[in-house]
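Structure, as structure tokens:
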Amino acid sequence: MDFKWLEDFLMLAETRSFSRSADLRGVTQSAFSRRIRALEEWLGTDLLSRDSYPVSLTPEGVLFRETAEEAVRMIIARRTEFRDHSRARGGEISFLSLHSLTVTFLPDWLMRLKAVTGQMTSRVKPENFDRCIEALTEGGHDFFLTYAHPQVNIPLDPQGYPHLVVGHDSLVAVARPGWPPEWLTDGMPLLKYSRGSFLNEMARIALARPGAPKVYVAHTDESSMAESMKSMAIAGHGVVWLPRLLVASEIGTGRLEIVAPELPMEIRLYRNAARGRGITGRVWQAACELGQGYAGTE
């Protein structure tokens with residue numbers, strides 16, 4: 001059983017609305033409904049009566065609500081106790097990050113950060129954009145490292161989740177050199193990210209800009225992992241929009257070439273302001289002192 005199924009159920013028990021609960025939990029309604037159904041299947045009973053609106057709890061649902069409330073309260077309290085104890089000993093800082101940034105930006109930046117803050121223990125969890133947002137707002141992590149662009153909404157309250165701009169990158173369209181001439185007339189085969197992913201939204205913006213090539217979708221990667229898309233482009237499958245820092249070496253050695261204007265992106269560090277321990281303040285200040293960062297709001 002997944003712990004977040006309990007939190008989903010408690011949210012639904014409070015709102016009595018699948019759509020409202022899904023919005024509050026930061027997932028699609030279909031995904032939320034699947035998670036509730038998975039919980040019911042795991043328990044072996046129906047928790048909800050879906051024949052009326054608003055939905056109501058079955059007798060089993062009423063009993064399980066009490067159990068779920070107590071279980072969630074106890075688990076979160078114990079987790080907080082363990083983490084506070086661990087941080088008191090070692091000053092651990094937890095980061096969420098988009099996958100590609102853990103490869104291209106985070107390693108060197110984190111070394112420079114530690115040079116300013118002094119010794120600390122760090123933990124990073126690479127995830128997709130939506131899961132990073134969800135995990136940050138659930139309160140289990142201190143910071144979130146992400147790309148940003150003015151045309152892409154980042155659904156975080158600027159008061160509760162302020163940000164710094166800690167670097168810059170660009171989204172660049174690349175393909176293997178020597179591609180067939182018919183790509184100029186018939187269109188270039190596009191290696192596409194999954195619908196709803198952050199890089200897919202960025203690529204959509206880049207495709208609408210002047211100078212973007214004519215394309216048709218030839219391949220979709222449901223994982224939306226930039227590293228795997230880079231491998232597909234190197235193999236000659238088509239054109240893909242990738243962070244420039246991720247393909248700088250391949251561009252420099254001629255394994256890939258740029259085929260469209262670049263789309264500038266910020267690299268932002270978001271902070272969970274509710275986690276105001278001393279070590280997080282020192283990290284925040286150090287990020288400012290590195291020279292590239294400035295405080296900002298959405």
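When a residue number appears, it is its place in the shown sequence, counting from 1.
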Side-chain contact test, heavy atoms from C-beta onward, threshold under 4.5 Å: evaluate it for Phe32 versus Leu12 and give yes or no. yes

So does Met1 have more than 12 non-hydrogen atoms from other groups sitting under 6.0 Å from CE? yes

Does Met11 reach the side chain of Ile36, with side-chain heavy atoms less than 4.5 Å apart? no

Where do Ala71 and Leu6 come nearest, in terms of heavy atoms and distance? CB-CD1, 4.4 Å

CZ-CG distance between Phe18 and Asp23, expressed to the nearest 0.5 angstrom: 13.5 Å

Distance alone, cut at 3.5 Å: any donor-acceptor contact between the side chains of Tyr147 and Ser100? yes

Run the side-chain contact (heavy atoms from CB on, under 4.5 Å) check on His141 and Asn272 step by step: do they pass? CA-CA 7 Å; His141 295 80; Asn272 184 343; over 6 Å; no

Phe144 vs Phe129 aromatic rings, parallel, tilted or perpendicular, using cut-offs 30° and 60°? tilted

Before giving the answer on side-chain contact (heavy atoms from CB on, under 4.5 Å), spell out for Asp186 and Tyr216 the whole-Å C-alpha distance, their side-chain angles and the decisive distance to 0.1 Å. CA-CA 9 Å; Asp186 301 339; Tyr216 64 91; 5.6 Å; no

Heavy-atom neighbours of Arg255 CZ exceed 12 at 6.0 Å: no

Exercise: identify the closest heavy-atom pair between Pro162 and Ala273: CD-CB, 4.1 Å

Under a 3.5 Å cutoff, is there a donor and acceptor pairing between the side chains of Thr121 and Glu92? no

Any donor-acceptor N or O pair under 3.5 Å, side chains Asp221, Ser228: yes

Looking only at heavy atoms, what is the nearest atom pair of Leu199 and Ala226, with distance? CD1-CB, 4.1 Å

When Leu171, Leu263, Val172 are each screened for side-chain contact (heavy atoms from CB on, under 4.5 Å) with Arg244, the one that passes is Val172

Hey, mind stepping through Lys230 and Glu227 against salt bridge (charged side-chain N to carboxylate O under 4.0 Å, His left out) and telling me if it holds? CA-CA 5 Å; Lys230 179 176 77 171; Glu227 281 280 2; 3.7 Å; yes

Please answer whether the main-chain N or O of Ser197 pairs with a side-chain N or O of Ser194 as donor and acceptor at a distance below 3.5 Å. no

Any salt bridge between Arg34 and Asp8, counting N to O under 4.0 Å? no

Within the distance-only criterion (no hydrogens, no angle test), does the side chain of Thr117 pair as donor or acceptor with the backbone N or O of Arg282 below 3.5 angstrom? no

So, does Asp2 use its side chain to make a donor-acceptor pair with the main chain of Trp5 at under 3.5 Å? no

With a sphere of 6.0 Å drawn around CZ of Arg209, does it hold more than 12 non-hydrogen atoms of other residues, nucleotides or ligands? yes

Heavy-atom closest contact (Ala287 atom, Leu113 atom, distance): N-CD1, 3.6 Å

Chi angles and distances behind the side-chain contact (heavy atoms from CB on, under 4.5 Å) call for Tyr193, Val240: CA-CA 9 Å; Tyr193 298 98; Val240 62; 4.0 Å; yes

Enter the distance from His99:NE2 to Leu106:CG here, rounded to the nearest 0.5 Å. 13.0 Å

Decide side-chain contact (heavy atoms from CB on, under 4.5 Å) for Trp241 and Asn200; before the verdict, give the C-alpha distance in whole Å, the side-chain angles of both, and the deciding distance to 0.1 Å. CA-CA 9 Å; Trp241 266 258; Asn200 183 69; over 6 Å; no

Over 12 foreign heavy atoms within 6.0 Å of CZ, Arg16: yes

When you measure from the centre of the six-membered ring of Trp284, is the NZ or CZ of Arg271 closer than 6.0 Å and no more than 45° off the axis? yes

Closest non-hydrogen contact found for Ala206 with Ala212 is O-CB, 3.6 Å

Can you tell me how far apart CE (Met202) and CG (Leu207) are? Round to the nearest 0.5 Å. 11.5 Å

Residues Lys125, Glu134: salt bridge by 4.0 Å N-O rule: no

Give, for atom CD1 of Ile154 and atom NE2 of His163, the distance between the pair rounded to the nearest 0.5 Å. 7.5 Å

Report the distance from atom NZ of Lys4 to atom CD of Glu138, rounding to the nearest 0.5 Å. 7.5 Å

Check: Tyr161 ring centroid to Tyr270 ring centroid under 6.0 Å: no

Do you see a donor-acceptor pair shorter than 3.5 Å between the side chains of Asp142 and Thr280? no

Any donor-acceptor pair under 3.5 Å linking the side chain of Asp157 with the backbone of Gln159? yes

Are Glu69 and Arg73 ion-paired here, with the side-chain N under 4.0 Å from a carboxylate O? no

Stepwise salt bridge (charged side-chain N to carboxylate O under 4.0 Å, His left out) test for Arg50 and Glu40: CA-CA 13 Å; Arg50 297 169 171 83; Glu40 291 178 314; 2.8 Å; yes

Spacing of Leu164 atom CG and Arg268 atom CZ [to the nearest 0.5 Å]: 10.5 Å

For residues Ser17 and Thr15, is any side-chain donor paired with an opposing acceptor at under 3.5 Å? no

Compare all side-chain heavy atoms of Arg65 with those of Leu57 and state whether any distance is below 4.5 angstrom. yes

Is the Phe9 to Phe64 ring centre distance short of 6.0 Å? yes

Under 3.5 Å, is there a donor-acceptor pair linking the side chains of Ser122 and Lys114? yes

Looking just at side-chain N and O atoms, do Thr102 and Ser97 make a donor-acceptor pair shorter than 3.5 Å? no

